[in-house]
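Quick caveat: nothing in here was measured; it's all calculated off a predicted structure. Sequence positions, counted from 1, serve as the residue numbers for this chain.
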Amino acid sequence: MTTALSGSYTALVTPFTEDAAAIDWAAFERLVALQLQGGTHGLVPAGTTGESPTLSMDEHKEIISRTVKLANGKAVVLAGTGSNNTAEAIELTRHAETAGADAALIITPYYNKPTQEGIFQHFKALHAATNLPLMLYDVPGRTVARLSDELVKRLKNELPRIIGLKDATADLARPLALSLVFNDDFRLFSGEDATVLPFYVQGGHGCISVTSNVAPALCAALYTNYTAGNLAEAQRINRLVLPLSNALFFETSPAPVKYALSKLGLCSNTLRLPLV
């Protein structure tokens, strides 16, 4: 079982053709190659940053399959397979398992606004239907359905393949509070680039980053310097990266990061509606 996930992971954008009708696979290959060259430790395809709600089922599956092949064992593949439809999330997670992903990142069901019990049953059904390690993804700003700490504890205690949490709440007391409860095999990942260094200090094991689409080497170096005890260098890198991270969330992500990538000549500045 993949339990020791750690490091700088990239929440990959999904590059589209100029008319947004199809995925630009040549650009996608360039983006993955940039990540591997920059030392990124993990790739997260078809998540929120990858505009997963606008992907067809076939597109979603193909992105995961291609990421596994392109990574070729050089980086962990944490496949985004969540949905507000439990049956769809099961289908996507089963595909990710067959494709060879290392684990799946599962967002709490959005829009439906389930209770804490409903969220538990959603993850329980996924756990029963698949064999992949599962990472919880708590981003209440998008889902309106926050994972309480008590529910995180219940999920971890009752479902053994729940291996971690991506926390996009920016609550910097949370990683410390959870790390005091769990053994080190429950992996805590930040989902907020602007607070990544204090998240590490409070017990975090990694970051699933938007910024690393643009600056993979810097984001990876921030993590490796912190874990090596080079705090001054980690702080220097963090100060360097922070203005970029702030700019990339000036409007709804991934609009700004796609603009940045287009300025670097890596993909088109094209999103699918309703994002503009």
Side-chain angles (χ1 to χ4, degrees), residues 1-5 9 11-12 42-65 67-68 76-140 142-169 178 181-183 185-189 191 205-206 208:
M1 184 186 297
T2 304
T3 56
L5 304 183
Y9 285 35
L12 294 167
L43 302 172
V44 186
T48 306
T49 307
E51 297 175 72
S52 56
T54 67
L55 300 175
S56 71
M57 183 66 77
D58 287 343
E59 288 174 331
H60 198 133
K61 290 178 178 179
E62 184 65 16
I63 287 171
I64 293 170
S65 295
T67 303
V68 171
V76 171
V77 177
L78 177 61
T81 61
S83 172
N84 65 334
N85 177 342
T86 303
E88 184 175 285
I90 288 172
E91 181 178 347
L92 289 169
T93 307
R94 283 175 170 166
H95 168 76
E97 183 178 351
T98 301
D102 296 288
L105 178 67
I106 314 291
I107 195 168
T108 54
Y110 44 87
Y111 189 78
N112 308 58
K113 205 174 181 181
T115 62
Q116 295 292 284
E117 182 62 27
I119 295 171
F120 176 82
Q121 294 298 332
H122 174 79
F123 281 104
K124 182 179 179 181
L126 275 162
H127 190 273
T130 66
N131 293 305
L132 269 183
L134 306 177
M135 178 174 283
L136 311 171
Y137 179 14
D138 190 18
V139 55
R142 286 185 183 264
T143 66
V144 201
R146 180 166 183 171
L147 280 167
S148 69
D149 287 1
E150 288 305 313
L151 181 56
V152 172
K153 295 170 190 175
R154 182 185 177 195
L155 286 162
K156 170 66 171 68
N157 291 333
E158 296 189 29
L159 305 176
R161 279 182 290 99
I162 299 288
I163 60 165
L165 170 70
K166 177 186 176 182
D167 183 0
T169 66
L178 291 176
V181 173
F182 298 127
N183 295 326
D185 63 346
F186 190 75
R187 312 307 278 180
L188 299 170
F189 273 65
H205 301 99
I208 297 174

- Can you see which heavy atom on Ile64 is nearest to which on Ala99, and at what distance? CG2-CB, 4.4 Å
- Item | pair Leu147-Leu165: side-chain heavy atoms closer than 4.5 Å | yes
- Work out which heavy atom in Ala145 is nearest to a heavy atom in Pro109; give both atom names and the distance. CB-O, 3.9 Å
- Note on the structure: Between the CG atom in Asn157 and the CZ atom in Phe186, the distance rounded to the nearest 0.5 Å is 9.5 Å
- Does a side-chain N-to-carboxylate-O contact under 4.0 Å join Glu117 and Arg154? yes
- Message: Between Asp185 and Ile163, is there a side-chain heavy-atom distance shorter than 4.5 Å?
- Response: no
- Message: So Glu150 and Lys153, do their side chains get closer than 4.5 Å, heavy atoms only?
- Response: yes
- Message: If I compare all heavy atoms of Gln116 with all of Ser148, which pair ends up nearest, and what's the gap?
- Response: OE1-OG, 2.9 Å
- Query: Which pair of non-hydrogen atoms, one from Lys166 and one from Leu105, has the smallest distance, and what is that distance?
  - Reply: CB-CD1, 4.0 Å
- Item | Minimum-distance pair of heavy atoms, taken over all atoms of Phe123 and Ile107 | CZ-O, 4.3 Å
- Message: Are the side chains of Tyr110 and Val144 in contact, using a 4.5 Å heavy-atom criterion?
- Response: no
- Message: Main chain of Leu188, side chain of His205: is a donor-acceptor contact present, judged purely on distance under 3.5 Å?
- Response: yes
- Message: Checking the side chain of Arg94 only, and the main-chain atoms of Ala129 only, is there a donor and an acceptor separated by less than 3.5 Å?
- Response: yes
- Message: Quick check for you: to the nearest 0.5 Å, what is the distance between Phe182 atom CZ and Lys156 atom NZ?
- Response: 6.5 Å
- Query: Is any side-chain heavy atom of Lys61 less than 4.5 Å from a side-chain heavy atom of Glu91?
  - Reply: yes
- State the CG-CG distance between Leu136 and Leu159, to the nearest 0.5 angstrom. 9.0 Å
- His127 and Glu158, any side-chain heavy atoms less than 4.5 Å apart: no
- Using only heavy-atom distances, determine whether the side chains of Thr108 and His122 contain a donor-acceptor pair under 3.5 Å. no
- Within the distance-only criterion (no hydrogens, no angle test), does the side chain of Asp102 pair as donor or acceptor with the backbone N or O of Val77 below 3.5 angstrom? yes
- Message: Evaluate Leu92 against Met57 for side-chain contact (heavy atoms from CB on, under 4.5 Å), listing each step before the verdict.
- Response: CA-CA 8 Å; Leu92 289 169; Met57 183 66 77; 3.2 Å; yes
- Query: Ignoring hydrogens and geometry, is there a side-chain-to-backbone donor-acceptor pair from His60 to Gly80 under 3.5 Å?
  - Reply: yes
- Query: Under 3.5 Å, is there a donor-acceptor pair linking the side chains of Asp167 and Thr169?
  - Reply: yes
- Task: Over all heavy atoms of both residues, which pair between Ala104 and Leu132 is shortest? Give the atoms and the distance, please.
- Result: CB-CD1, 4.1 Å
- Task: Nearest 0.5 Å please: distance from the CG atom of Asn84 over to the CG atom of Asn112.
- Result: 4.5 Å
- Query: Roughly how far, to the nearest 0.5 Å, is CG of Leu151 from CG of Leu155?
  - Reply: 4.5 Å
- Note on the structure: Value for OG1 (Thr93) from CG (Leu126), rounded to nearest 0.5 Å, stands at 5.0 Å
- Task: Indicate yes or no: at least one non-hydrogen side-chain atom of Leu78 is less than 4.5 angstrom from one of Ile208.
- Result: yes
- Does one side chain, of Thr130 or Glu97, offer a donor that lies under 3.5 Å from an acceptor on the other? no
